[in-house]
K.L.:
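Mind having a look at this structure? Questions to follow.
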Amino acid sequence: MADSSIFDRLKQDHDAHRQLFDKMADAKDEPDRLEKLFEQFRVEVTAHAAAEEETLYATMLARPDLREDAQHSVSEHKEIDDYLEELEDLPFNGDEWNRVFVQLKKRYLHHIDEEEEEMFPDAAKELTAEEEQKLAALFARRKPAELQRAEAETND
């Protein structure tokens with residue numbers, strides 16, 4: 001892991017998020033388990049997005065050739081955050097909650113597919129291997145702090 005790139009780190013998180021979606025689908029008839037898994041997803045995705053914005057996106061925003069991709073992804077993070085906020089205000093696992101959750105899942109999966117298939121390859125062309133490793137190390141330091149912050153928001 002020490003010499004992995006930022007893209008490897010982010011893809012690992014994306015894979016974990018996909019697995020959480022699968023586990024939530026399996027838990028659809030177990031409301032308590034589903035709620036725990038959803039809360040794990042919410043905390044994980046919130047922390048991931050913040051750390052990603054502070055590392056890769058910040059670097060991309062500073063580069064004219066990558067700025068548009070980063071701005072697009074930041075706007076998608078905001079959209080996903082809006083879905084999460086909307087879900088907070090709805091009775092858990094009710095019809096409306098499930099409708100919004102399906103939209104969230106579709107948008108999030110689109111977002112991470114787009115990052116992996118388009119944005120990461122574009123950014124990789126512009127970043128050196130050393131920059132990718134430095135960003136991975138920075139992400140590895142930022143994400144635990146963001147996880148703590150996201151978990152604290154849950155307990156407020």
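Just so you know, residue 1 is the first one in the sequence shown, and it goes up from there.
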K.L.:
Taking only residues two or more places apart in sequence, or in another chain, which ones meet Glu54 in a side chain to side chain contact (heavy atoms under 4.5 Å, CB included)?
P.N.:
Ala50, Arg142, Glu146
K.L.:
With sequence neighbours left out, what residues match Asp22 under side chain to side chain contact (heavy atoms under 4.5 Å, CB included)?
P.N.:
none
K.L.:
With sequence neighbours left out, what residues match Lys11 under side chain to side chain donor-acceptor pair (under 3.5 Å)?
P.N.:
Asp15
K.L.:
Side-chain polar contacts of residues 25-36 - donor-acceptor pairs under 3.5 angstrom, sequence neighbours left out - could you list them?
P.N.:
unit_1	atom_1	unit_2	atom_2	d
Glu30	OE2	Arg33	NH1	3.3

K.L.:
Hydrophobic side-chain clustering at under 4.5 Å (ILVMFWY, transitive links): who's grouped with Leu138? Put none if nobody.
P.N.:
none
K.L.:
Under the side chain to side chain contact (heavy atoms under 4.5 Å, CB included) test, which residues partner Leu109, sequence neighbours left out?
P.N.:
Arg18, Phe21, Lys105, Ile112
K.L.:
Let me have the donor-acceptor pairs involving side chains of residues 120-127, under 3.5 Å, with sequence neighbours excluded, atom names and distances please.
P.N.:
none

K.L.:
Does Tyr108 have any side chain to side chain donor-acceptor pair (under 3.5 Å) partners at least two apart in sequence or in another chain, and if so, which?
P.N.:
His17
K.L.:
My understanding is that only residues two or more places apart in sequence, or in another chain, count here; which of them pass side chain to side chain contact (heavy atoms under 4.5 Å, CB included) with Glu130?
P.N.:
Thr128, Lys134
K.L.:
Mind checking what makes side chain to side chain donor-acceptor pair (under 3.5 Å) contact with His72, not counting sequence neighbours?
P.N.:
Glu76, Glu114
K.L.:
Please enumerate all residues that pass side chain to side chain donor-acceptor pair (under 3.5 Å) together with Asp65, with sequence neighbours excluded.
P.N.:
none
K.L.:
Sequence neighbours left out, what passes ring-ring contact (aromatic ring centres under 6.0 Å, His included) with His77? Give chain and number order.
P.N.:
Tyr57, His111
